There are 2 protein chains.
Amino acid sequence: MRERVTLRDVAHVAAVSAKTVSRVVNGDAHVTPATRARVQQAIADLGFQPNLVARSLRVGRADVVGLVVESLADPFFARLTSAVEQAAHERGLAVMVSSVGNREPERESVIVESLLVRQVAGLIVAPMAQSHAYLAGTGRRTPIVFIDRLPEGLVSDAVLVDDLAAGEMATRHLLDHGHRRVAFLGSELRNPTTRLRLAGYRRALATHGLADEESLVAVGAGTAAEARAAAEQLLAAPQPPTAIFSSNMRCSLGLVPLLHGRGRTDVAVVSFDDFAMADSLVPAVTVLDHDPEVIGRAAAERLFRRLDDLDAPPETVTVPVRLVPRGSGELRPDDREVVPDHDRPQDRLQDMARHGGEGRTSTMTSLNAQEGAR
Amino acid sequence: MRERVTLRDVAHVAAVSAKTVSRVVNGDAHVTPATRARVQQAIADLGFQPNLVARSLRVGRADVVGLVVESLADPFFARLTSAVEQAAHERGLAVMVSSVGNREPERESVIVESLLVRQVAGLIVAPMAQSHAYLAGTGRRTPIVFIDRLPEGLVSDAVLVDDLAAGEMATRHLLDHGHRRVAFLGSELRNPTTRLRLAGYRRALATHGLADEESLVAVGAGTAAEARAAAEQLLAAPQPPTAIFSSNMRCSLGLVPLLHGRGRTDVAVVSFDDFAMADSLVPAVTVLDHDPEVIGRAAAERLFRRLDDLDAPPETVTVPVRLVPRGSGELRPDDREVVPDHDRPQDRLQDMARHGGEGRTSTMTSLNAQEGAR
DNA sequence: AGCCGCGTTGTCATCGATGTCAAGCCTCGA
DNA sequence: TCGAGGCTTGACATCGATGACAACGCGGCT
């Protein structure tokens with residue numbers, strides 16, 4: 001129930017000035033060992049703990065990083081947050097998290113500003129808002145690292161996924177499983193992400209010496225329903241694809257139920273982005289997945305380097321995606337039968353028993369692997 | 001790229017004192033409408049934003065709540081964090097999260113102190129450490145709400161789950177499905193949580209007019225392996241149970257793989273705590289589940305009330321648990337055959353299509369429901 | 001011996017906001 | 001007309017730490 005102890009109290013007990021105590025606390029070299037010892041003794045006796053808010057005011061910034069994501073409840077962002085928090089902790093920084101929610105992207109600016117007024121040293125933002133004009137003059141005072149998407153017309157540090165390589169990887173995966181008619185399902189081409197993934201798709205085709213067939217590329221689907229319709233068209237074509245690369249989650253949410261509803265689970269599918277239930281369907285959906293731990297740490301480290309050198313030119317870090325084979329992407333063009341599924345739960349059971357709720361594995365192979373609550 | 005704007009700058013432009021600007025910013029009533037307007041104009045012109053760090057120093061506390069959990073990557077804590085963050089945001093508070101990690105519970109004190117020195121207004125802690133002596137005098141200065149477990153020898157605000165009711169609910173669920181020989185599998189009785197759940201189990205038996213049979217209660221299993229052994233004993237008994245209430249996750253991690261390995265999926269199971277894969281097994285495991293959103297919000301609101309009245313006596317909030325029927329708990333004593341499983345994924349598919357990746361449903365029925373990454 | 005230089009320590013102002021207290025002004029009633 | 005009381009506004013100190021700068025003491029040098 002001790003009263004708050006300040007530098008001055010310690011100074012008084014150690015018979016030195018507050019400034020000297022400050023030097024000891026901050027590890028300043030210019031202090032005599034004898035003085036240092038006396039001060040440290042006083043600190044210990046009084047149980048002094050520096051007030052970081054006061055320090056923050058004086059030095060003009062808090063030793064805190066702000067993190068802005070869409071939703072903390074989303075496992076992707078949860079793991080990202082965890083990675084950022086670990087990296088920050090190693091550097092002695094605290095983390096303030098805020099979620100924007102998926103309803104109103106405009107809330108992003110409010111959230112960001114609520115962190116700025118708290119003088120965070122830096123921000124990591126997974127952008128949702130359309131415009132980032134509100135960030136106009138902020139960058140210099142408070143560095144920002146963007147995740148996953150670079151806001152329009154802003155040059156800034158960012159951590160992006162390698163969409164080109166990802167598109168190529170997905171497509172090659174299907175080609176390697178014997179498919180020759182691989183379709184591309186994507187949303188609007190305005191989206192640079194989609195463009196890059198499509199480019200990767202084409203590059204993989206070219207590498208395999210295949211022509212890029214116009215009729216196999218279905219883009220423009222903005223919603224799951226539109227994606228479903230686009231997929232229906234693909235399947236109804238005279239020479240339908242035997243495999244489909246669904247280049248984002250929304251598309252998959254249209255495509256996959258369609259295939260299951262029609263009993264067309266013989267069509268091979270690789271989906272970008274993991275999505276709910278992707279691994280409990282039969283066959284489970286092979287996905288290209290971002291590794292949130294890798295992205296989070298990369299973003300944190302990019303930010304730290306920026307804090308150490310505010311004047312270096314902006315840098316973009318590109319992280320690879322992983323392909324998580326689960327069944328749907330490993331179907332061959334002549335497969336008419338689905339892999340029996342009753343061995344899959346068994347596999348997982350063994351996995352579960354092996355990990356036994358004790359340690360967390362450092363690299364998880366399945367995105368959906370999750371520890372039980374508590 | 002504007003320089004930082006302070007109260008004084010605004011005061012200068014509006015030709016008033018800094019104090020008056022402060023009054024306007026804080027909505028103090030004692031300001032002439034004319035003055036107020038002039039000040040607000042100046043604030044808008046200069047783009048002034050108050051420096052919350054300075055305010056925090058002055059008032060002695062930051063408008064921040066600290067949250068300490070085991071792991072942010074754990075979906076339970078992720079959703080809890082999300083709920084806390086939302087509640088805090090509604091009150092204008094930011095949230096600093098820190099995770100302790102499951103390796104060294106002693107790190108808890110370091111984490112908590114790193115938040116205290118940042119002058120957080122209050123803390124929400126899911127305790128892991130054995131001793132909380134380090135919190136000795138803290139409570140008065142910085143209120144703490146504990147989640148799920150009350151630290152030894154500390155009277156404090158807390159949010160606990162209703163273990164008694166939960167034990168009763170699980171057991172009654174099994175009894176209602178026709179079972180008469182229901183076993184209880186639990187860890188050490190030293191653990192008050194286990195004691196309460198066992199009491200609930202007994203109460204349900206009593207309500208159904210059943211005797212409490214000693215041989216059906218297996219407690220003391222500290223690890224999954226021990227739980228497995230205990231379950232083996234139960235099943236090998238002359239009159240084995242037809243249903244088992246596994247009273248915590250560790251027990252379930254011993255019990256469930258055993259049943260599956262032995263092909264004894266005819267034994268009904270209700271498990272406390274959701275766990276990895278619980279819903280993708282066949283049959284999926286019926287669980288009693290904490291609702292992290294409810295717990296998080298309850299903790300936040302308890303904390304806010306405490307902030308409003310530091311002298312009220314400590315209060316414990318008890319939240320109910322939910323029973324999530326998934327199959328294993330709905331088996332009847334005479335069931336020899338497992339529900340065919342291929343319709344379950346279909347159900348989910350429809351579910352998935354219906355929600356279509358658009359809105360987040362406000363109350364999720366399945367704990368494991370999760371949005372895809374991004 | 002006296003001066004220089006270096007390393008230690010202290011004084012003072014400051015970061016930006018707010019609590020305290022009082023001054024100034026206005027209104028109303030005696 | 002004058003004083004009391006209320007409201008608006010401002011001057012000043014303060015929260016706790018740190019940066020700039022100065023003073024001090026001591027050893028080495030000429």
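Here the structure is a predicted model, which is why all the values come from computation and not from measurement. Sequence lines set the chain letters: A, B, ... in the order given, protein chains first and strands last, and positions in each chain run from 1.
Under 3.5 Å, the side chain of A:Arg23 and the base of C:dG10 form at least one donor-acceptor pair of N or O atoms.
In terms of heavy atoms, B:Ala121 sits closest to B:Leu307 at O-CD2, 3.3 Å. Between A:Ala42 and A:Val10 the shortest heavy-atom distance is CB-CG1, 3.9 Å. For A:Ala126 against A:Val69, the heavy-atom pair with the smallest separation is CB-CA, 4.5 Å. Here the shortest heavy-atom pairing between B:Ala298 and B:Val159 reads C-CG2, 4.0 Å. Nearest heavy atoms, B:Pro314 versus B:Ser156: CB-C, 3.7 Å.
Less than 4.0 Å separates DNA chain D from at least one heavy atom of each of the following residues of residues 54-61 of chain B: B:Leu57, B:Arg58. Using a 4.0 Å cutoff on non-hydrogen atoms, the parts of residues 25-38 of chain B near DNA chain C are B:Asn26, ordered by number. For residues 7-17 of chain A, proximity to DNA chain C is found at A:Val16, A:Ser17, defined as any non-hydrogen atom under 4.0 angstrom from a strand atom.
When DNA chain D is scanned in the 5' to 3' direction for atoms under 4.0 Å from non-hydrogen atoms of chain B, the outermost contacting nucleotides are D:dT8 to D:dG16.
If A:Asn51 and B:Thr20 are placed on DNA chain D by their nearest nucleotide, the residue sitting closer to the 5' end is B:Thr20.
Two residues are said to be in side-chain contact when any heavy atoms from C-beta on lie closer than 4.5 Å; A:Ile295 and A:Asp291 fail this criterion. The shortest distance between side-chain heavy atoms of B:Gln119 and A:Asn51 falls below 4.5 Å. Looking at A:Val16 and A:Arg38, their side chains come closer than 4.5 Å, going by heavy atoms from C-beta outward. Considering only heavy atoms from C-beta on, B:Leu7 comes within 4.5 Å of B:Phe48 through its side chain.
Separation of atoms OG (A:Ser82) and CG (A:Leu72) is listed at 11.5 Å; rounding is to 0.5 Å.
Legend: residues meeting salt bridge (charged side-chain N to carboxylate O under 4.0 Å, His left out) with A:Asp311, ordered by chain and number and at least two apart, are A:Arg140.
For A:Asp28 and A:Lys19, the salt-bridge test fails: no basic side-chain N is under 4.0 Å from an acidic carboxylate O. Salt-bridge annotation for A:Arg297 and A:Glu293: absent, with no side-chain N of the basic residue lying under 4.0 Å from a carboxylate O of the acidic one. The residues B:Arg306 and B:Glu315 are annotated as not salt-bridged, no charged nitrogen and carboxylate oxygen being separated by less than 4.0 angstrom.
Relative to the axis of its first five pairs, the axis of the last five pairs of the helix from C:dA1-D:dT30 to C:dA30-D:dT1 sits at 70°, rounded to 10 degrees.
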Pair A:Ile124-A:Val68, side chain to side chain contact (heavy atoms under 4.5 Å, CB included): steps then yes or no: CA-CA 6 Å; A:Ile124 295 175; A:Val68 180; over 6 Å; no
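Atom NZ of B:Lys19 is separated from atom P of C:dA22 by 15 Å (rounded to the nearest Å).
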